[in-house]
Amino acid sequence: MTKFETPPLPYDYKDLEPFVNEDIMIIHHDKHHVTYTTNFNKALEKYPELFNEKAEEILTDINNVPEDIKTAVKNHGGGHVHHSFFWEVLRPSQENNKPQGELLKAIEESFESFEKFQEKFESFAATLFGSGWTWLSLVDNKLIIENTPNQDSPYSLNHKPILTLDIWEHAYYLKYKNVRLDYIKNFWSVVNWNKVEENFKN
Ligand code: MN3
């Protein structure tokens, strides 16, 4: 039985500037994410056979999770999985950061152009009420943009996430205060499109 662990960041805390600064990343990864992982493990202790599954599979199968831990698994399991996923689709800032090849083609087919896709994603992220996540997901081999509140997971809807942006205030407030749109706009320079393409193809 192996407990879930918070994966280390694939870059340094300060490497995502100007998107988010070092202070945000230290608190976000070392405090928020670690707390989700700790509480996820705690929730599963009563049903240790669940440690044999992948965390994503537990969320996909959320309806089969015992009732007494379902909410905790949804919240903390979701928090653990979504943050692990989020760190991987980011990388240090690049100019003219765009998807390539097959993924670009798929985005253009679904949203007309990369720019239209960005506009739609921004509008979902800007209008999400309260805390949650904005996603680019695959549903029946089609790309869609969707929001989930709190730590509700696209996995639990049988959607396959390929890109996400954390819209909880802890993700941006220290730098952007109430100006969420600037946070969303600065996101584009740090998207790891290679990883997003890998998620798209798998
Ligand atoms: Mn977060």
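For ligands, and for the atoms within them, numbers begin at 1 and follow the listed sequence.
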Is the Mn ion (ligand 1) less than 2.8 Å from an N/O/S atom of H82, whether that atom is in the backbone or a side chain? no
So does V191 get a backbone contact from the side chain of N97, meaning a donor-acceptor N/O pair under 3.5 Å? yes
Does H28 use its side chain to pair, donor to acceptor, with the backbone of I24 at less than 3.5 Å? no
N, O or S of H33 under 2.8 Å from the Mn ion (ligand 1): no
Got a salt bridge between K3 and E45, using NZ or NE/NH1/NH2 to carboxylate O under 4.0 Å? yes
Is it true that some N/O/S atom of H170, main chain or side chain, lies under 2.8 Å from the Mn ion (ligand 1)? yes
min-distance N/O/S atom, D166 vs the Mn ion (ligand 1), resolves to OD2
So, K42 side chain and A72 main chain: donor-acceptor pair closer than 3.5 Å or not? no
Would K14 and D12 pass as an ion pair if we require N to O under 4.0 Å? yes
Per residue H83, nearest N, O or S atom to the Mn ion (ligand 1) is named NE2
